[in-house]
Amino acid sequence: LVLKQKKQRLMLLKILLVWRLVMGKMKAYMMDLQEEADYAIQEGANSAGEVIMHIRNSGMSHVDEHWVTKYYEEQCGES
């Protein structure tokens, strides 16, 4: 019974470590996405589509278009 509990605790610890790694990478991705969106807006992007194209051209492997569109609308008040 004690050995089983130790194995369960070890498994939970491994899951927690993987969770932290994944969440850390997600946070870094979102920060990069926001930074690129801000840069595009500062450089004169006139629409969410232009921001998305800027981010794609920057080399990011994935662009969350829904988030970018929503963020652009919040920052610039239009779509």
Side-chain angles (χ1 to χ4, degrees):
L1 183 63
V2 172
L3 182 61
K4 186 176 181 180
Q5 288 176 339
K6 285 184 179 181
K7 285 183 178 181
Q8 287 175 339
R9 287 183 186 156
L10 183 59
M11 182 59 78
L12 287 173
L13 180 59
K14 287 179 181 178
I15 291 170
L16 179 61
L17 290 173
V18 169
W19 176 258
R20 286 184 178 171
L21 176 66
V22 168
M23 293 309 294
K25 288 186 177 199
M26 184 61 150
K27 182 178 178 180
Y29 164 75
M30 291 305 296
M31 289 174 65
D32 290 345
L33 189 62
Q34 182 176 354
E35 185 176 294
E36 287 296 332
D38 288 337
Y39 182 69
I41 292 167
Q42 289 171 2
E43 290 295 306
N46 294 314
S47 68
E50 287 183 10
V51 174
I52 290 166
M53 289 306 299
H54 168 86
I55 295 170
R56 284 189 179 142
N57 291 335
S58 75
M60 286 191 75
S61 60
H62 175 74
V63 179
D64 183 342
E65 293 184 17
H66 177 74
W67 183 89
V68 171
T69 301
K70 185 176 176 184
Y71 184 74
Y72 180 82
E73 290 171 356
E74 289 171 0
Q75 297 301 308
C76 300
E78 55 186 85
S79 58

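Side chains included, hydrogens not; waters and symmetry mates left out as well; all remaining heavy atoms used.
The heavy-atom pair separating Q75 from I41 by the smallest distance is CB-CD1, 4.1 Å. When all heavy atoms of A48 and V68 are compared, the pair lying nearest together is O-CG1, 4.3 Å.
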Can you give me every donor-acceptor pair (side chain of residues 14-30, partner residue at least two apart or in another chain, under 3.5 Å) with its distance?
| unit_1 | atom_1 | unit_2 | atom_2 | d |
| --- | --- | --- | --- | --- |
| Y29 | OH | H62 | O | 3.2 |
| Y29 | OH | D64 | N | 3.3 |

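Taking Q34 as the reference, D38, W67, Y71 meet the side chain to side chain contact (heavy atoms under 4.5 Å, CB included) condition, with sequence neighbours excluded. In terms of the salt bridge (Lys or Arg N to Asp or Glu O under 4.0 Å) criterion, residue partners of E65 (sequence neighbours excluded) are, by chain and number, R56. Residues passing the ring pair (Phe, Tyr, Trp, His ring centres under 6.0 Å) test with Y39 are H54, sequence neighbours excluded. Listed by chain and residue number, nothing satisfies the side chain to side chain donor-acceptor pair (under 3.5 Å) test with E50 (two or more places apart in sequence, or in another chain).
One finds the NE2 atom of H66 at 8.0 Å from the OG1 atom of T69 (value rounded to the nearest 0.5 Å). Note: K6 NZ to R9 CZ = 8.5 Å, rounded to the nearest 0.5 Å. Considering CD of E36 and CD1 of I52, their distance stands at 13.5 Å, rounded to 0.5 Å.
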